[in-house]
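Here the structure comes first, spelled out in structure tokens, and everything after it is commentary.
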Amino acid sequence: MILKTLICCFFQILDIQTMWINRTILNEFILVGFSVYPDIQTFIFVVFLCLYLFTLMGNVAIMGLTWVDRALHTPMYLFLSALSFSETCYTMTIIPKMLADLLAKDRSISVVGCGLQMCFFLGLGRTNCIILTLTGYDWFLAICNPLRYPSLMTSMVCGQLVASAWAAGFFVSLVETSLIFRGYFCNPNLVKHFFCHMRAVVKLSCLDSDFTKLIVTVISVSGLLGTFMLTILTFIFILSTVLRIPSAEGKQKAFSTCASHLTVVIIHFGFSSIVYLQPEASGGDDTLIAIPYTVLTPFLSPLIFTLRNKDMKNAFRKVLEKVVVTDN
């Protein structure tokens with residue numbers, strides 16, 4: 001009986017030692033990223049650098065034109081400018097690091113840096129979703145309640161709504177990041193992604209990663225579907241109002257003003273839903289799946305808003321005319 005007890009204690013000690021060996025406290029992660037495609041890393045770098053530069057130029061152009069042209073000092077363009085600023089920050093959290101890793105051999109990132117990157121990425125992503133929903137709400141008030149619109153949607157109200165979007169986005173982000181980084185991380189320290197994606201990082205947790213993954217996925221999906229359903233609901237009301245407009249010209253004008261926003265909403269929420277609603281890929285490598293919503297969506301948004309918007313094109317034309325006159 002005593003021998004049996006000693007043997008049991010011996011194996012328990014071995015199990016505890018094994019557990020603590022596997023529970024080595026990590027100071028850094030290695031972002032695997034595109035290192036699995038060594039032959040095309042230079043090509044990927046050139047393509048992503050060009051897309052990133054065009055994204056920055058597009059968003060800066062929208063913010064600059066909104067600031068310079070007084071005709072664009074309306075809630076609609078204030079929301080658009082806020083979205084451009086948010087998307088600029090959103091891309092800056094991951095793309096510069098990704099571009100550097102494509103050319104560097106050392107793809108490490110500290111655990112603290114990883115947590116900060118994840119927090120800002122998730123917070124800015126949530127903020128983008130909320131601002132898109134608020135932009136739809138702005139269209140709803142302008143089309144469905146035009147007489148009361150000037151009193152309901154003032155510049156102060158617009159600013160308060162944008163501030164609320166940032167506060168709500170980062171509150172949810174802090175909750176998710178705290179859940180993921182509340183414990184230790186086990187070896188190996190390889191993050192199978194080009195940034196600290198929560199699905200890739202949570203797999204390295206020494207705690208119950210399945211439970212954490214379930215909680216953060218439920219939070220993410222709820223936030224994504226919630227804002228998407230609110231946006232679609234506003235467009236249903238807008239559509240029902242537009243269809244009651246007697247003149248065909250009035251209908252066409254109303255549809256054309258909402259078309260660019262609806263296009264961006266479909267692209268943004270469509271690409272985001274692929275990440276959170278699709279089953280995990282074999283091996284858990286979501287690198288390629290993440291490209292549309294981290295690189296392509298921020299690139300397409302300013303492109304759509306500027307090319308399909310007459311006011312933006314007129315403002316850009318005015319700026320060019322002033323530049324030409326000044327040079328002459």
Quick one: does [X]'s side chain get under 4.5 Å of [Y]'s, heavy atoms only?
X	Y	result
Leu65	Leu72	yes
Asp69	Tyr77	no
Phe299	Thr91	no
Leu152	Asn145	yes
Phe269	Leu132	yes
Phe171	Val175	yes
Glu87	Leu124	no
Met63	Thr88	yes

When rounded to the nearest 0.5 angstrom, what distance separates [atom1] in [X] from [atom2] in [Y]?
X	Y	atom1	atom2	value
Ile267	Ser301	CD1	OG	6.5 Å
Phe79	Thr74	CZ	OG1	10.0 Å
Ile289	Thr294	CD1	OG1	11.5 Å
Leu161	Thr135	CG	OG1	10.0 Å
Leu31	Ile94	CG	CD1	11.0 Å
Met153	Phe140	CE	CZ	10.5 Å

Any chain of hydrophobic side-chain contacts (each under 4.5 Å) joining [X] to [Y]?
X	Y	result
Met98	Tyr37	yes
Trp67	Ile131	no
Val264	Leu78	no
Leu230	Leu239	no
Phe235	Leu80	yes

Around atom [atom1] of [X], are there more than 12 heavy atoms from other residues, nucleotides or ligands closer than 6.0 Å?
X	atom1	result
Phe85	CZ	no
Tyr137	OH	no
Arg182	CZ	yes

Q: Kindly determine whether Tyr90 and Phe120 satisfy ring-ring contact (aromatic ring centres under 6.0 Å, His included), including the steps that lead there.
A: CA-CA 7 Å; Tyr90 173 81; Phe120 278 96; over 10 Å; no
Closest non-hydrogen atom pair between [X] and [Y], with its separation:
X	Y	result
Leu134	Val162	CD1-N, 4.4 Å
Phe237	Ser240	O-OG, 2.7 Å
Ile62	Ser84	CG2-OG, 3.3 Å
Val191	Ala200	CG1-CB, 3.7 Å
Ser35	Pro38	O-CD, 3.5 Å
Ile238	Trp139	CD1-CB, 3.7 Å

Whether [X] side chain and [Y] backbone form a donor-acceptor pair below 3.5 Å:
X	Y	answer
Ser108	Ile30	no
Ser205	Val201	no
Thr234	Thr231	yes
Glu28	Ile109	no
His268	Thr297	no

Q: Test side-chain contact (heavy atoms from CB on, under 4.5 Å) on Cys129 and Leu224 and set out the steps.
A: CA-CA 7 Å; Cys129 292; Leu224 184 68; 4.2 Å; yes
Q: Could you check whether the rings of Phe121 and Tyr293 sit parallel, tilted or perpendicular, using 30° and 60° as the cut-offs?
A: tilted
Q) For the residue pair Phe195 and His193, does the interplanar ring angle fall in the parallel (under 30°), tilted (30 to 60°) or perpendicular (over 60°) class? A) perpendicular
**Q.** side-chain contact (heavy atoms from CB on, under 4.5 Å) between Thr154 and Val157, worked out
**A.** CA-CA 5 Å; Thr154 62; Val157 171; 3.2 Å; yes
(Q) Against Glu176, only a single residue in Leu174, Leu179, Val172 fulfils side chain to side chain contact (heavy atoms under 4.5 Å, CB included); can you say which? (A) Val172
Q: Apply the side chain to side chain contact (heavy atoms under 4.5 Å, CB included) test between Val218 and each candidate in Ile215, Leu214, Val216; give the one that qualifies.
A: Leu214
Q | For Phe181, all residues meeting ring pair (Phe, Tyr, Trp, His ring centres under 6.0 Å), sequence neighbours excluded | A | Phe185
Donor-acceptor pairs under 3.5 angstrom involving side-chain atoms of residues 39-59: please list them, not counting sequence neighbours.
unit_1, atom_1, unit_2, atom_2, d
Gln41, OE1, Arg107, NH2, 2.9
Thr55, OG1, Leu51, O, 2.7
Asn59, ND2, Thr55, O, 3.3

(Q) If we count only N and O atoms by modelled type, under 3.5 Å, do the side chains of Ser220 and Arg126 hold a donor and an acceptor together? (A) yes
Q: Please step through side chain to side chain donor-acceptor pair (under 3.5 Å) for the pair Asp138 and Tyr149, ending with a clear verdict.
A: CA-CA 9 Å; Asp138 177 64; Tyr149 176 75; 2.6 Å; yes
Q: Could you note down all residue pairs passing salt bridge (Lys or Arg N to Asp or Glu O under 4.0 Å) where residues 92-103 supplies at least one of them, sequence neighbours left out?
A: Lys97-Asp101
